[in-house]
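Read the numbers this way: they start at 1 and go in the same order the structure lists the ligands and their atoms.
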Amino acid sequence: MYPAEFEYFSPRTIDEALALLSTWGEDAKILSGGQSLVPMMKLRIASPRCLIDINRIDSLSGLRVDEGRLVMGALCRHADVAASALVREHLPLMLDAVSQTADVQVRNRGTVAGSLAHADPAGDWPAALLALDTHLTVVSPRGQRTVALETFLVDAYTTDLAVDEIVTEVAVSLPRPPAGGAYVKFEKRAGDFAVASVGVQLTLEGDRCSDVAISLGALGAIPSRASAAEAELRDQPVTDERLDRAADLVREAAQPFEDTRGSVEYKRHLAGVLFTRAFAVAADRARGSRVSTLHL
Ligand SMILES: Cc1cc2nc3c(=O)[nH]c(=O)nc-3n(C[C@H](O)[C@H](O)[C@H](O)COP(=O)(O)OP(=O)(O)OC[C@H]3O[C@@H](n4cnc5c(N)ncnc54)[C@H](O)[C@@H]3O)c2cc1C
């Protein structure tokens, strides 16, 4: 199908983009990678009267390290993350997520910021980055603000972005060693959205888990943290019994919907299984092993 007619603008600066957004208001949409917006326009689920294409704003490109954080510009593509040696070394959870997102074509165009702004309940970036300390920088004619990812994600396909705001950066704190992370996704076929996914980021001191974050994807209207399971594990020695109890708490925290990808019961079961796998890989990585999640 063809999208409805729209005006197209290609600003060169953030100020120009903000001015256009203020003029067009609710009728405008920011175009980043277009990998979610364009299919929605073709299906006429979205029919914006104006597209503001930010791809020519050079200052939004790339990724860098700044004060112990990985900072990704709004135009940082999935493929930029996949190619980053820094991500490979310090944030293997992100490498897991990007390796399982869509296909090469989509990864070459789609952006991390666009994925967060789209807030698909089954999206990989919202779920994966919730296990890390992630903040977004947002600008509007009123100035700039920083918002934590858990506040930014409000509901399915809904964020706390005002109509005149643009995401300019996504920043992730680099975990301090001995840390390890893993993101495990269950999909019906390669490149598909998740049936369910779990991210685990932890710090191990000997056999004690001194800190842990557990995120759940496609297991509710928005990705969430399994905080009771985190409390069960935090500051405790890692034992099989404790991990079993944590897996039960992860299943309880999951609030999936029944859909073509599976029943509520099936997805809850998956949540526990994926947690156990993700925890094992994250712990191995914290001990220095270079294990992959792709064979799981
Ligand atoms: C075949 C296919 C398979 C896919 N499989 C997966 C998958 O397995 N896992 C997965 O997570 N995703 C998947 N996707 C989605 C893909 O990851 C998209 O790249 C992503 O959801 C959106 O990023 P984008 O840059 O393309 O955003 P766009 O499509 O350009 O925009 C999406 C929404 O975010 C808004 N937006 C974008 N950037 C900004 C910004 N900087 N500030 C404010 N608002 C903004 C837009 O206005 C729009 O509403 C798939 C897509 C396709 C086409």
Pick one of side chain, backbone, both or neither for how [X] approaches ligand 1, counting any non-hydrogen atom pair under 4.0 Å.
X: K185; answer: side chain
X: L161; answer: side chain
X: H78; answer: side chain
X: L37; answer: both

Which ligand 1 atoms are under 4.0 Å away from a heavy-atom of [X]?
X: D192; value: 8 (O)
X: D124; value: 7 (C), 8 (O), 9 (N), 10 (C), 11 (O)
X: G191; value: 5 (N), 8 (O)
X: S115; value: 17 (O), 20 (C), 21 (O), 22 (C), 23 (O)
X: A117; value: 34 (O), 35 (C), 36 (N), 44 (N), 45 (C)
X: G123; value: 11 (O)

Nearest non-hydrogen protein atom, [atom]:
atom: atom 25 (O) of ligand 1; answer: T111 OG1, 2.6 Å
atom: atom 47 (O) of ligand 1; answer: I30 O, 2.6 Å
atom: atom 13 (C) of ligand 1; answer: F193 CZ, 3.2 Å
atom: atom 51 (C) of ligand 1; answer: Q35 O, 3.6 Å
atom: atom 52 (C) of ligand 1; answer: V106 CG2, 3.6 Å
atom: atom 27 (O) of ligand 1; answer: G114 CA, 3.7 Å
atom: atom 15 (C) of ligand 1; answer: S36 OG, 3.7 Å
atom: atom 37 (C) of ligand 1; answer: S32 OG, 3.3 Å

Between [X] and ligand 1, does any nitrogen or oxygen pair lie at a separation below 3.5 Å?
X: V167; value: yes
X: G34; value: yes
X: G33; value: yes
X: A113; value: no

For [X] and [Y], work out which heavy atoms get closest and say how close.
X: L91; Y: P175; result: CD2-CD, 3.4 Å
X: E16; Y: P11; result: OE2-CA, 3.4 Å
X: L116; Y: L153; result: O-CD2, 4.0 Å

Could you state the interatomic distance from [atom1] ([X]) to [atom2] ([Y]), rounded to the nearest 0.5 Å?
X: D235; Y: C209; atom1: CG; atom2: SG; result: 8.5 Å
X: F279; Y: L274; atom1: CZ; atom2: CG; result: 15.0 Å
X: L249; Y: D244; atom1: CG; atom2: CG; result: 11.0 Å
X: L132; Y: M94; atom1: CG; atom2: CE; result: 7.5 Å

* Once the angle between the rings of W125 and H78 is folded into 0 to 90°, is it parallel (under 30°), tilted (30 to 60°) or perpendicular (over 60°)? -> tilted
* Taking I30 as the fixed residue, which of L161, L37, V167, I54 is the one that meets the side chain to side chain contact (heavy atoms under 4.5 Å, CB included) rule? -> I54
* Single hit among L136, T111, V172 for side chain to side chain contact (heavy atoms under 4.5 Å, CB included) with M72 -> V172
* To do: Have a look at D96 and tell me which of R277, K185, R285 forms a salt bridge (Lys or Arg N to Asp or Glu O under 4.0 Å) with it.
  => R285
Hey, does [X] sit under 4.0 Å from ligand 1 if you only count heavy atoms?
X: I54; result: yes
X: M40; result: no
X: D120; result: no

* To do: Verify the distance criterion only: is there a donor paired with an acceptor across the side chains of T293 and Y183 at less than 3.5 Å?
  => no
* To do: Evaluate side-chain contact (heavy atoms from CB on, under 4.5 Å) for T23 paired with F9, printing each intermediate quantity in order.
  => CA-CA 12 Å; T23 306; F9 297 95; over 6 Å; no
* Is there a side-chain contact between I52 and K29, using heavy atoms and a 4.5 Å cut-off? -> no
* To do: Any chance you could lay out the salt bridge (Lys or Arg N to Asp or Glu O under 4.0 Å) test for D80 and R77, step after step, and finish with the verdict?
  => CA-CA 5 Å; D80 296 329; R77 317 276 171 191; 5.2 Å; no
